[in-house]
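Beneath this line is the structure, given in structure tokens, with notes to follow.
Order of the sequence lines sets the chain letters (A, B, ...), proteins ahead of strands, with each chain counted from 1. No experiment lies behind these values; they were computed from the predicted model shown.
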Protein chains: 2
Amino acid sequence: MSCLEKFRQLLHERGFRLTPQRELILEALHDVQGCITAEALYERVHGIDPGIDLATIYRTLELLANIDFVKCIDTGHKEKLWQFLGTTQPQPHLRCEACGQLIDCRQEELAPLREALRRRYGFEPNLGHLTIPGTCLQCQKAG
Amino acid sequence: MSCLEKFRQLLHERGFRLTPQRELILEALHDVQGCITAEALYERVHGIDPGIDLATIYRTLELLANIDFVKCIDTGHKEKLWQFLGTTQPQPHLRCEACGQLIDCRQEELAPLREALRRRYGFEPNLGHLTIPGTCLQCQKAG
DNA sequence: ATATCTGCAAAGGATTTGCAAGTGG
DNA sequence: CCACTTGCAAATCCTTTGCAGATAT
């Protein structure tokens, strides 16, 4: 099933509707490599349909996040970033505090972390929503 | 050396000044258990010196964060939280996405994580600034 | 003396919301 | 039909900033 079909179905199950705006936003997100801000997404979509409003972007992003079609990444700065997931699982990120770079991380790498937190604190981490701050290799070398 | 003395010294080294407002804010933070919002801190301090301004709270918190006297915790919601450190090291936190609870975590628990990230990505995590989202034990039981 | 600080008030900026008109199913 | 959506504009909300007078050292 295509993303669009799945989207339509999930919306329908919840009594929501598939509008041209939502379809357009889904498509634009699909084309993005990595993450994008709401504003940048707006500009992309606005290039195709100048009638679309920024509020619609925000409302649709929230909708998509609720059904796990996109992941919202808190950068620690003011702007949030949004990443298209489609049917893939969200993954942890490493964020360099020096250069701002986001590095994709594999969940498997963090299996020992999950175990330690479960055992020690009874805490079930949501690794797909985890962003680890630190310093990337390049910035370490740079000073 | 007391916190206040150390504060005075660090300020002096940088050409800054110890004002009654800064002293009061440091004292109020010192008395807080765990974390506090800028607004709540303002109310505490305002109770003692009604002349103090919220802008001074923010400016002082930033100053204190720069010299690692307080840690700024991004909750993922709008408001930041501030935690007094004094001379202790910042520690990681576990944040329950269901109830919002913040749990202190010991850096030692995360030693394997540090190793894994170093080895696999050459990434040096800043564990003192790490906040791990997930579900706490109580909320898991509650459903 | 003088560079740093403060209170005040106003601005900022990403995000959200109220509302009336539009539209998908 | 009619509940859900949209565009528009205004509002939010925490936080930041400009400025002139006050103050630490």
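Put simply, the side chain of V45(B) does not reach to within 4.5 Å of the side chain of T56(B), judged on heavy atoms.
Annotation: of the two residues near DNA chain D, D53(A) and W82(B), the 5′-most nearest-nucleotide partner is D53(A). Between E79(B) and R8(B), the residue whose closest nucleotide on DNA chain D is further toward the 5' end is E79(B).
Across the protein-nucleic acid pair, K78(A) atom NZ and dC13(D) atom C1' stand 13 Å apart, rounded to whole Å. A straight line from CZ of R59(A) to C1' of dC19(C) spans 11 Å, rounded to a whole angstrom. The CG-C1' distance, from L54(A) to dG7(D), rounds to 11 Å in whole Å. The CG atom of L81(B) sits 9 Å away from the P atom of dT15(D) (whole-angstrom rounding). To the nearest angstrom, P of dA14(C) lies 7 Å from OH of Y58(A). The CZ atom of R22(A) sits 9 Å away from the C1' atom of dT6(D) (whole-angstrom rounding). Atom NE2 of H12(B) and atom P of dT4(C) are 13 Å apart (whole Å). In this structure, CD of E39(A) is placed 14 Å from C1' of dG12(C), rounded to the nearest angstrom.
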Can you pull every protein N or O that's under 3.5 Å from an N or O on nucleotides 20-24 of chain D?
residue	atom	partner	partner atom	Å
dA24(D)	N3	R17(B)	NH1	3.1

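Between dG7(C), dT15(D), dT15(C), one nucleotide has an atom nearer to the side chain of K80(B) than all others, and that is dT15(D).
Between R59(B) and E62(B) there is no salt bridge, since no side-chain N of the basic residue sits under 4.0 Å from a carboxylate O of the acidic one.
Both L18(A) and L64(A) are part of a single hydrophobic cluster, where members link through side-chain heavy atoms under 4.5 Å apart. Residues F16(B) and L61(B) share a single hydrophobic cluster, defined by chaining ILVMFWY side chains whose heavy atoms lie under 4.5 Å apart.
With rounding to the nearest 0.5 Å, the separation of CD1 in I57(A) from CG in L29(A) is 8.5 Å.
Here the closest non-hydrogen pair linking T37(A) and W82(A) is C-CD1, 4.3 Å.
Under the 3.5 Å distance criterion, with hydrogens and angles disregarded, no donor-acceptor pair is assigned to the side chains of Q9(A) and E5(A).
The side chain of Q21(A) places no N or O atom within less than 4.0 Å of a non-bridging phosphate oxygen (OP1 or OP2) of dT23(C).
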